**Student:** 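I have a structure here, written as structure tokens, and I will follow up with some questions on it.
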Amino acid sequence: MKDIVSLCKRRGFIFAASEIYGGINGFWDYGPLGVELKNNLRDRWWKDMVITPPIGPDGSPVEIVGVDSAIIQNPKAWVASGHVGGFSDPMQTCRKCKKLLRADHVWDMLKESEWVQSFADAFGASNVNDKLVFKSENAQKWAQTKGKKLAPGLALVRNPSVTLSWLAEDSQGAAQTELTVTQILEYMATEQKAVTGLQTPCPHCGGDLTEPKAFNLMFQTYVGAMQSEDSIAYLRPETAQGIFLNYKNVLDSSRVRVPFGIAQIGKAFRNEVNPRNFIFRSREFEQMELEWFCHKDEAKMWRDFWFAERQRFWKSVGLSSANLQMRDHDSDELSHYAKAGLGTADIEYRFPFTAPGFGELEGIAHRCDFDLTQHQEHSGAKLEYMDPNDNTKRFIPHVIEPAAGLSRGVLALICEAYTVDEKRPSGLYLNFHPSMAPKKAAILPLTAKDEHVPLAQKLYLDIREDFAVDLDIKQNIGKRYARQDEIGTPYCFTIDNDTVNDQTVTVRERNTMAQERIHMDKVKSFLHEKIRGRGV
Ligand code: GAP
């Protein structure tokens with residue numbers, strides 16, 4: 001992952017926000033190529049959802065329209081949606097270093113923590129799930145050496161004799177005890193077992209953690225000049241609510257009828273306690289959400305339909321089947337709006353930091369009639385749908401919601417594309433699907449000589465009408481190929497002395513590095529065939 005993050009910075013995909021001031025945790029900026037990549041994914045989602053929506057089970061295209069709602073809405077909307085009362089994570093604070101942690105992330109963080117790795121090494125274990133023979137001499141030696149520096153808050157480091165006594169007592173004085181590293185860590189974090197029971201240590205310093213407490217993830221602000229309880233407002237934590245708030249406006253102002261969808265792409269904000277893994281979990285990110293309104297009797301059919309469609313989408317932008325999986329939420333994972341109904345399933349991607357496991361890319365939830373019912377009750381507006389063929393039939397539609405992360409999608413595309421190849425000067429290339437590549441082609445005059453550059457400029461002006469294309473004149477040709485490989489440009493066209501004589505150019509294909517010559521006049525149709533022909 002380190003190499004991917006450094007490539008993203010070096011080549012202008014993604015930068016830490018406010019970097020010259022030391023950054024700000026959980027916020028990222030997209031550079032010149034990152035914004036192109038993000039826009040390609042965003043535009044493709046919009047096209048597949050709103051411009052050319054999929055063919056439904058009855059053989060006709062489904063109906064989907066778009067909205068672009070305000071980020072700040074009336075705060076009552078967030079009370080109705082359940083976000084003011086319920087959008088919270090259980091949090092724990094370390095009593096020693098005072099760091100705040102998401103309770104459900106503590107063990108994942110411990111697995112990655114430097115002091116846990118060092119502790120496991122002291123017993124020859126490579127994994128916290130490994131079973132090992134525990135020897136208190138090893139633990140004591142580690143506590144007096146590396147432990148002192150890496151985990152000063154750990155009970156074992158602060159009070160080794162008392163801490164080690166609990167394990168000795170529970171194993172009834174056996175000379176050797178076989179336990180997993182995880183089990184041993186709980187003993188090593190415990191000083192007062194009779195009072196506290198076994199403890200979970202802090203991933204940062206080893207200290208003991210407070211009981212979990214709810215922490216609301218919404219960013220709060222004030223609207224207007226007065227800062228008081230009455231002027232509190234929230235930055236939206238999901239784009240979905242802006243859709244529910246406009247459901248009636250859309251029905252009244254357009255010709256859509258149930259079943260239909262409303263799509264929205266935009267920023268969402270969550271005051272994540274532990275933003276991490278680059279742009280995977282950040283505090284400001286973008287979502288691509290569809291709320292699909294249907295009759296409750298058809299919810300299962302539409303849920304299965306969107307499961308299939310959304311997996312097809314991710315494959316069509318270049319993610320491989322081997323790196324994608326569907327996973328049903330366990331009942332204790334379900335969000336407040338999906339507790340009833342058919343539940344939620346995630347489309348997961350195998351990110352380098354989750355491998356061999358997977359991480360969430362998109363959630364597909366059956367939100368039932370939760371949101372519209374809540375908004376109807378809280379606002380007093382009538383949100384029932386009247387069957388156009390029978391006005392005695394009224395109901396609140398159910399909702400199937402495919403909610404994808406645009407920022408996470410960008411990360412998945414970059415991770416999928418990152419390909420090490422020692423044979424080429426750059427040592428790697430980005431194997432983007434051509435439709436996602438920030439630049440579809442580069443025009444490279446072999447030299448900065450008078451004859452090459454004007455021909456290259458002419459070709460560039462012609463091609464840029466149809467494709468995002470780079471005109472790259474400086475540096476030797478090898479370095480320019482290397483740069484294009486690193487930014488994932490599928491085709492490079494080189495103008496040389498032969499071009500001056502017979503108007504042919506060399507085409508170099510990114511993945512194979514194979515070269516062929518074609519006439520300058522054919523470059524545009526070549527790109528249309530190679531790129532548009534592949535489903536752009
Ligand atoms: N409206 C439903 C909803 O917001 P979610 O699972 O919380 O559901 C949908 O979010 C998607 O948004 C996720 O699958 C993920 O891709 C993305 N997402 C959520 N939190 C994120 C964060 N902190 N940073 C980046 N992406 C995030």
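Both counts, for ligands and for their atoms, begin at 1 and track the order of listing. Since this is a predicted model, take the numbers as computed values, not measurements.
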**Student:** Just checking F278 against W28, ring centres under 6.0 Å apart?
**Tutor:**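 Under 6.0 Å, so yes.
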**Student:** Just so I know, are the side chains of L290 and W306 near enough to count as touching, which here means a heavy-atom distance under 4.5 Å?
**Tutor:**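 Yes, side chains in contact.
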**Student:** What are the atom names and distances for all N or O pairs under 3.5 Å between ligand 1 and the protein?
**Tutor:**
residue, atom, partner, partner atom, Å
ligand 1, 1 (N), E238, OE1, 2.6
ligand 1, 1 (N), E289, OE2, 2.4
ligand 1, 1 (N), R367, NH1, 3.3
ligand 1, 1 (N), E401, OE1, 3.4
ligand 1, 1 (N), E401, OE2, 2.9
ligand 1, 4 (O), R270, NH2, 2.9
ligand 1, 4 (O), Q287, NE2, 3.0
ligand 1, 6 (O), E360, OE2, 2.9
ligand 1, 7 (O), R270, NH1, 2.8
ligand 1, 7 (O), R270, NH2, 3.0
ligand 1, 10 (O), Q287, NE2, 3.3
ligand 1, 12 (O), Q287, NE2, 3.3
ligand 1, 14 (O), E360, OE2, 2.5
ligand 1, 14 (O), L361, O, 3.4
ligand 1, 16 (O), L361, O, 2.9
ligand 1, 16 (O), G405, N, 3.2
ligand 1, 20 (N), R270, NH1, 3.3
ligand 1, 23 (N), E272, OE2, 2.9
ligand 1, 23 (N), S282, O, 2.8
ligand 1, 24 (N), F280, O, 3.2
ligand 1, 24 (N), S282, N, 3.0

**Student:** Do R270 and F219 have side chains that approach each other closer than 4.5 Å (heavy atoms only, starting at C-beta)?
**Tutor:**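 No, side chains not in contact.
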**Student:** Please list, chain by chain and in numerical order, all residues satisfying salt bridge (charged side-chain N to carboxylate O under 4.0 Å, His left out) with E36, sequence neighbours excluded.
**Tutor:**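 Here no residue qualifies.
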**Student:** Between F353 and F351, is the ring centroid distance below 6.0 Å?
**Tutor:**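 F353 vs F351: aromatic centres under 6.0 Å.
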**Student:** Give me the one residue out of E289, H83, R236, Q264 that meets side-chain contact (heavy atoms from CB on, under 4.5 Å) with Q241.
**Tutor:**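 With Q241 as partner, E289, H83, R236, Q264 yield a single side-chain contact (heavy atoms from CB on, under 4.5 Å), made by H83.
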